[in-house]
Amino acid sequence: MTAPGDMPAAGLVTLGETLGLLVAEDTGPLALAHGMRLSMGGAESNVAIGVSRLGVPATWIGRLGRDPVGDLVERHLLAERVRPVVHRDDAPTALMLRERRTGTSSHVSYYRHGSAGSHLCPADLPERVIEEAGILHVTGITPALGAEPAAAVREAVRRARAAGVPVSVDLNFRSRLWGAAEAGAVFRELAAAADMLFAGDDEARIALGIDDPAAATPAELATALADLGPGEVVVKRGRHGATARIDGAVIDVSAVPVTAVDTVGAGDAFVAGYLACRLSGCDADERLSTAAITGAFAVTVPGDWEAFPRRHELTLLTAEETVHR
């Protein structure tokens, strides 16, 4: 990572929906919870926060309701030094409820139909912001919200490619928003336009139309995704680490061993670590090792993004992660 005085001039730009988040304070059925903690969450804003904490500028573009939850989201982004480009909407800011059903599992309920975020459209993309970015980052969640959000993602990607801005895509399949067949077609379209592609192994199979979980190894999945167009592909494997194909080389990175408290947000933290390092000019091994560290930090406390590390904290996890070519 670069020193603070060497902060990249061009940072990350991302767009999508951020939701208000209510998390049960008790473990067990939500109906028996005695209290809820209010926060926020969203894959794209999580990545923006993670990048910002590592000393790289980040901008989030999206729609929020004219409501207290929208105010909370904007306030959190500003507090995390993420530049919000916010369009206020008459529709409400979406909500999600998280039930901590057991000590090791959780269940999420979404209230996002007709939300402000689902009204994101190409006209919401400001002039020159994408063109001046270091990286544009999008996910497969936003196109699932409707025709206009999908059009906004396509327009953002088109403008980035026309300006020579690298495009990062995290597939992020959400089964409650659409089916695998519909998502797969969009995933392949996004992969073809991406310079960097991130996917869980299940998401990689959806993009490639592979039904059998045993039909391909992580390295084979990464290679097949790279054949769609991106020069950098990372297959995220949770506690098993990650497998990448970068400029033709296959690289495995081990997960950093920690005690997991809440795994939500780990994939976003991994992506944030990788992209912040890429924007800082790090090589592939350092990008992946940093991503493994940031992903490990994310699972150590409850919350989508609260545990994401700052640059000076990256050495706090002293477990030795290994990178193998």
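In this chain, numbering begins with 1 at the start of the sequence shown.
With 3.5 Å as the limit, one finds no donor-acceptor pair spanning the side chains of His137 and Thr14. Side-chain contact check for Glu44 and Thr139: at least one donor-acceptor pair (N or O, by modelled atom type) lies under 3.5 Å. For Ser115 and Glu17, the side-chain atoms include at least one donor-acceptor pair closer than 3.5 Å. Between the side chains of Ser39 and Glu306, at least one donor N or O lies within less than 3.5 Å of an accepting N or O.
Judged by distance alone, the side chain of Thr290 and the main-chain N or O of Arg287 form no donor-acceptor pair under 3.5 Å. In this structure, Ser52 contributes its side chain and Ala48 its backbone to no donor-acceptor pair below 3.5 Å. Between the side chain of Glu313 and the backbone N or O of Arg310, at least one donor-acceptor pair lies under 3.5 Å. The main-chain N or O of Ile246 is never found under 3.5 Å from a side-chain atom of Glu232 such that the two would form a donor-acceptor pair. Put simply, the side chain of Thr93 gets close to the backbone of Gly65: a donor and an acceptor are under 3.5 Å apart. Under the 3.5 Å distance criterion, the side-chain polar atoms of Arg63 are matched with a main-chain donor or acceptor of His119.
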Tell me, with the steps shown, if Leu288 and Tyr274 meet side-chain contact (heavy atoms from CB on, under 4.5 Å). CA-CA 6 Å; Leu288 289 166; Tyr274 186 97; 4.0 Å; yes
Begin from the C-alpha positions of Trp60 and Thr18 and carry the test side-chain contact (heavy atoms from CB on, under 4.5 Å) through to its verdict. CA-CA 10 Å; Trp60 175 85; Thr18 297; 3.4 Å; yes
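Salt bridge status for Asp211 with Arg205: absent, with no side-chain N to carboxylate O gap under 4.0 Å. Ionic pairing of Asp170 and Lys236 is present here: one or more N-O contacts between side-chain nitrogen and carboxylate oxygen are shorter than 4.0 angstrom. Ion pairing between a basic and an acidic side chain is recognised when a charged N comes within 4.0 Å of a carboxylate O; Arg245 and Asp227 show no such pairing.
Under a hydrophobic-cluster definition in which Ile, Leu, Val, Met, Phe, Trp and Tyr are linked whenever side-chain heavy atoms come within less than 4.5 Å, directly or via other members, Leu64 and Val69 are assigned to the same cluster.
Contact detail for Arg161 and Asp195: the closest heavy-atom pair is NH1-OD2, 4.0 Å.
Rounding to the nearest 0.5 angstrom, the gap separating the CE atom in Met40 from the CG atom in Leu19 is 9.5 Å.
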